[in-house]
Amino acid sequence: MRTQVGIVGAGPAGLLLSHLLALRGIESVVVEIRSRDYCEARQRAGVLEDSSVRLLREAGLAGRLDREGLEHGGIYLQFAGERRHIDFRELTGGRTVTVYAQTEVVKDLIAKRVAAGGAVHFEVADTVVDHLDTDRPVLSYASADGARHEVVCDAIAGCDGFHGIGRPAIPADLLTVREREYPYAWLGILADVPPSTDELIYSHHPRGFALHSLRSPTLSRLYLQVDPDESIGNWPDERIWDELQSRFELPGWDLKQGPVLDKGITPMRSFVSAPMRYGRLFLAGDAAHIVPPTGAKGLNLALADVAVLAPALDRLLHGDPALADAYSATCLNRVWRATHFSWWMTTMLHRTPGADPMEAELQLAQLRYVTTSRAAATSLAENYTGFPALAADPGTAD
Ligand code: FAD
Ligand code: DHB
């Protein structure tokens, strides 16, 4: 078999890349180890930056997003018994974020690719990428019926997440890896209850961090800081709600409770592997970098990578390697900004196990500063809504 771009992984990065390439008349084959149902149900991120929304809109993918997405003009930071608002619109000249679940982005992308007759193969096994240092790299896999397939490509995109086969296919001595594990994890629930807030609440509390997010006017998404080795079995729904009540408690405000539809624990890690390219293999999204979720950046970074990659591959396939050569550095600039912001939000808001009282005072000093200084609040707002703005990336210029 022959295609122009072989894509490993049908997450947001792989699917959007396939669509952006199709808009440019470039054919691709996407292979995914999971089933379509699994990909469409996996609970993950929920917040889209301003520039991610614009990117999806410009790519003709925002029909449902524009109808169902909830635009938010700020967030609340809660600490020391007070809840303070950070007004993104006012601080950034009108920029906002949109609450629209990753599951919905993935559903929209799969529907679009399938309707366009795009090749998206689910439930494959034993994916291998080879001949990466030639201009005919090969993607091979076993399809759901067990048959083995070999696809000769012009380029391959490793969009296969943190545990995929893309990054390990690059000789280890060519990669520089920077990594930090955080001494806590997030327990997340999806609850069948209207949100108790109009915008997200990030709460710093002596018992640990908590986040009140949402998915729709009738669905709430809530997170609790827990120990990194915590087992979900130790957290019956009642204990989760009790803990959430304590960490969000505020006189005159109530946290509404409802049936828990989904729950899980996510480890917290910063990870950056560079460069994001080896020969004709290009990594995008979680395959190359992971951020702790506190800044809501993981999904947005994945989308931003492929917005740079699509025009770079277009040019490469037409004989001009300049954007492909700049791909890694262009993306890593944004990745490191988001890595710093996510680390900063994470360490400001979480209780550090075993930390001395000095650290807690420093966190409170930072929280007071960010909620009282216009300069500090603007920095948070600019990063949260997306910095640098996607259109400013040189790699996206046509
Ligand atoms: P993924 O979405 O991971 O997609 C990669 C795809 O590749 C998967 O479908 C996988 O099945 C497939 N794949 C893997 N190996 C192979 C193979 N060998 N062959 C073929 N296919 C393969 N971010 C936030 O901002 N907020 C959050 O609350 C948040 N929560 C998260 C919770 C969890 C449990 C995880 C894992 C991540 C979370 N993230 C969150 C991060 C965010 O969801 C990711 O950054 C985003 O999914 C990255 O998209 P991606 O397309 O790069 O990778
Ligand atoms: C969500 C996740 C985040 O990591 C975050 O910072 C904000 C919202 C969410 O899943 O809704």
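Along the sequence shown, residues carry numbers from 1. Order of listing sets the numbers, starting from 1, for every ligand and every atom in it.
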Ligand 2 atoms in contact with Ala296 (distance to a heavy atom under 4.0 Å): 5 (C), 6 (O), 7 (C)
Atom 51 (O) of ligand 1 has as its nearest protein heavy atom Ala13 N, 2.9 Å
With Phe209 as partner, the option from Trp186, Phe79, Tyr184, Tyr223 fulfilling ring-ring contact (aromatic ring centres under 6.0 Å, His included) is Trp186
Yes or no: does Gln43 have any heavy atom under 4.0 Å from an atom of ligand 2? no
Check whether any heavy atom of Gln102 sits under 4.0 Å from an atom of ligand 2. no
Honestly, for Trp186 the part within reach of ligand 2 (heavy atoms, under 4.0 Å) is side chain
Checking heavy-atom distances from atom 17 (C) of ligand 1 to each of Leu16, Val106, Thr127, the winner is Thr127
If you have a sec, work out which protein heavy atom is nearest atom 5 (C) of ligand 1 and how many Å separate them, to one decimal? Cys159 O, 3.3 Å
Per-atom contacts of ligand 1 with Gly285, taking only distances under 4.0 Å to non-hydrogen atoms: 52 (O)
Going through the checks in order, is the side chain to side chain contact (heavy atoms under 4.5 Å, CB included) test met by His72 and Leu200? CA-CA 8 Å; His72 283 192; Leu200 274 59; 3.7 Å; yes
Indicate the atoms forming the closest heavy-atom contact of Leu20 with Val306, along with that distance. CD1-O, 3.7 Å
Ring-face cation contact, Phe271 with Arg269, 6.0 Å cut, 45° max: no
List ligand 2 atoms under 4.0 Å from Tyr223, heavy atoms only on the residue side. 1 (C), 2 (C), 9 (C), 10 (O)
Where is the nearest protein heavy atom to atom 44 (C) of ligand 1: which residue, which atom, and how far? Asp286 OD2, 3.2 Å
Report the part of Thr294 in contact with ligand 2, treating N, CA, C, O as backbone and CB onward as side chain, heavy atoms under 4.0 Å; options are side chain, backbone, both, neither. backbone
Under 4.0 Å between a Lys/Arg side-chain N and an Asp/Glu carboxylate O for Arg247 and Glu249? no
Using 4.0 Å as the upper bound for N to carboxylate O, is an ion pair formed by Arg136 and Asp154? yes
Regarding Arg277 and Asp325, does a basic nitrogen lie under 4.0 Å from an acidic carboxylate oxygen? yes
Considering the options Met1, His149, His121, which one meets the side chain to side chain contact (heavy atoms under 4.5 Å, CB included) requirement together with Val29? His121
Can you find a pair of side-chain heavy atoms, one from Arg95 and one from Arg89, that are under 4.5 Å apart? no
For ligand 1, which atoms, with element, lie under 4.0 Å from some heavy atom of Ala296? 25 (O)
Counting heavy atoms only, which of Ala45, Gly164, Gly14, Ala10 comes nearest to atom 26 (N) of ligand 1? Ala45
Among Asp160, Val30, Thr294, closest by heavy atom to atom 14 (C) of ligand 1 is Asp160
Among Val129, Asp305, Ile33, Thr266, closest by any non-hydrogen atom to atom 16 (C) of ligand 1: Ile33
Atom 39 (N) of ligand 1: protein heavy atom closer than 4.0 Å? no
Do Leu211 and Ile265 belong together in a cluster built from hydrophobic side chains that touch within less than 4.5 Å? no
Taking only non-hydrogen atoms of Ala302 and a 4.0 Å limit, the atoms of ligand 1 in range are 48 (C), 49 (O), 52 (O)
Where does Ala287 meet ligand 1, judged by heavy-atom distances below 4.0 Å: at the side chain, the backbone, both, or neither? neither
Hey, is Asp50 close enough to Arg54 for a salt bridge, meaning N to O under 4.0 Å? yes
Who's the nearest protein heavy-atom neighbour of atom 4 (O) of ligand 1, and how far? Gly11 CA, 3.4 Å
Under 4.0 Å from any heavy atom of Arg44, which atoms of ligand 2 are there? 10 (O)
Does Arg334 come within less than 4.0 Å of Asp305, counting only side-chain N to carboxylate O? no
Go through ligand 2 atom by atom and flag the ones less than 4.0 Å from a non-hydrogen atom of Leu211. 3 (C), 5 (C), 6 (O), 7 (C), 8 (C)
Testing the 3.5 Å rule here: is there a donor-acceptor pair between the side chains of Gln43 and Gln102? no
On a heavy-atom basis, which atom in Lys256 and which in Pro195 lie closest, and how many Å separate them? NZ-O, 3.6 Å
Under 4.0 Å from one or more heavy atoms of Pro293, ligand 2 contributes atoms 3 (C), 4 (O), 5 (C), 6 (O)
What do we get for Tyr223 next to ligand 1 when only non-hydrogen atoms under 4.0 Å count, side chain, backbone, both or neither? side chain
For atom 46 (C) of ligand 1, which candidate among Gln43, Glu49, Gln102 provides the closest heavy atom? Gln102
When you check the gap from the basic side-chain N to the acidic O, do Arg167 and Asp286 get nearer than 4.0 Å? no
Under a 3.5 Å cutoff, is there a donor and acceptor pairing between the side chains of Tyr182 and Arg180? no
Please confirm whether Ser213 comes within less than 3.5 Å of ligand 2 when only nitrogen or oxygen atoms on both sides are compared. yes
Can you sort out which atoms of ligand 1 are near Lys297, meaning under 4.0 Å from one of its heavy atoms? 25 (O)
Given that the side chain starts at C-beta and the backbone is N, CA, C, O, which of these parts of His163 lies under 4.0 Å from ligand 1, counting heavy atoms, or is it both or neither? neither
Which of the numbered atoms in ligand 2 are below 4.0 angstrom from a heavy atom of Val47? 7 (C), 8 (C)
Donor on one side chain, acceptor on other, Thr3 and Glu27, under 3.5 Å: yes
Atoms in ligand 1 with a heavy atom of Arg34 nearer than 4.0 Å: 11 (O)
Any atoms of ligand 2 less than 4.0 Å from a non-hydrogen atom of Arg215? List them with their elements. 9 (C), 10 (O), 11 (O)
I'd like the name of whichever of Pro12, Ser35, Ser213 reaches closest to atom 49 (O) of ligand 1 through any heavy atom. Pro12
Show me which atoms of ligand 1 lie under 4.0 Å from any heavy atom of Ile165. 18 (N)
As an exercise, identify every atom of ligand 2 less than 4.0 angstrom from a heavy atom of Leu200. 7 (C), 8 (C)
Less than 4.5 Å apart, side chain to side chain, heavy atoms only: is that true for Tyr76 and Asp198? yes
I'd like to check which ligand 1 atoms, numbered from 1 as shown, lie under 4.0 Å from a non-hydrogen atom of Val31. 20 (C), 21 (N)
Would you indicate which of Arg44, His121, Glu32 comes nearest to atom 36 (C) of ligand 1 when only heavy atoms are counted? Arg44
List the atom of Pro275, the atom of Leu174, and the distance in Å for their closest heavy-atom pair. CD-O, 3.4 Å
Pair Tyr384 and Phe88, ring centroids less than 6.0 Å apart: yes
Which of the atoms of ligand 1 are close to Gly9, meaning less than 4.0 Å from one of its heavy atoms? 6 (C), 7 (O), 12 (C), 21 (N)
Could you walk me through whether Arg178 and Trp336 pass the side chain to side chain contact (heavy atoms under 4.5 Å, CB included) test, one step at a time? CA-CA 11 Å; Arg178 299 285 179 252; Trp336 274 112; 3.8 Å; yes
Which residue and non-hydrogen atom of the protein lie closest to atom 7 (C) of ligand 2, and at what distance in Å? Tyr202 OH, 3.2 Å
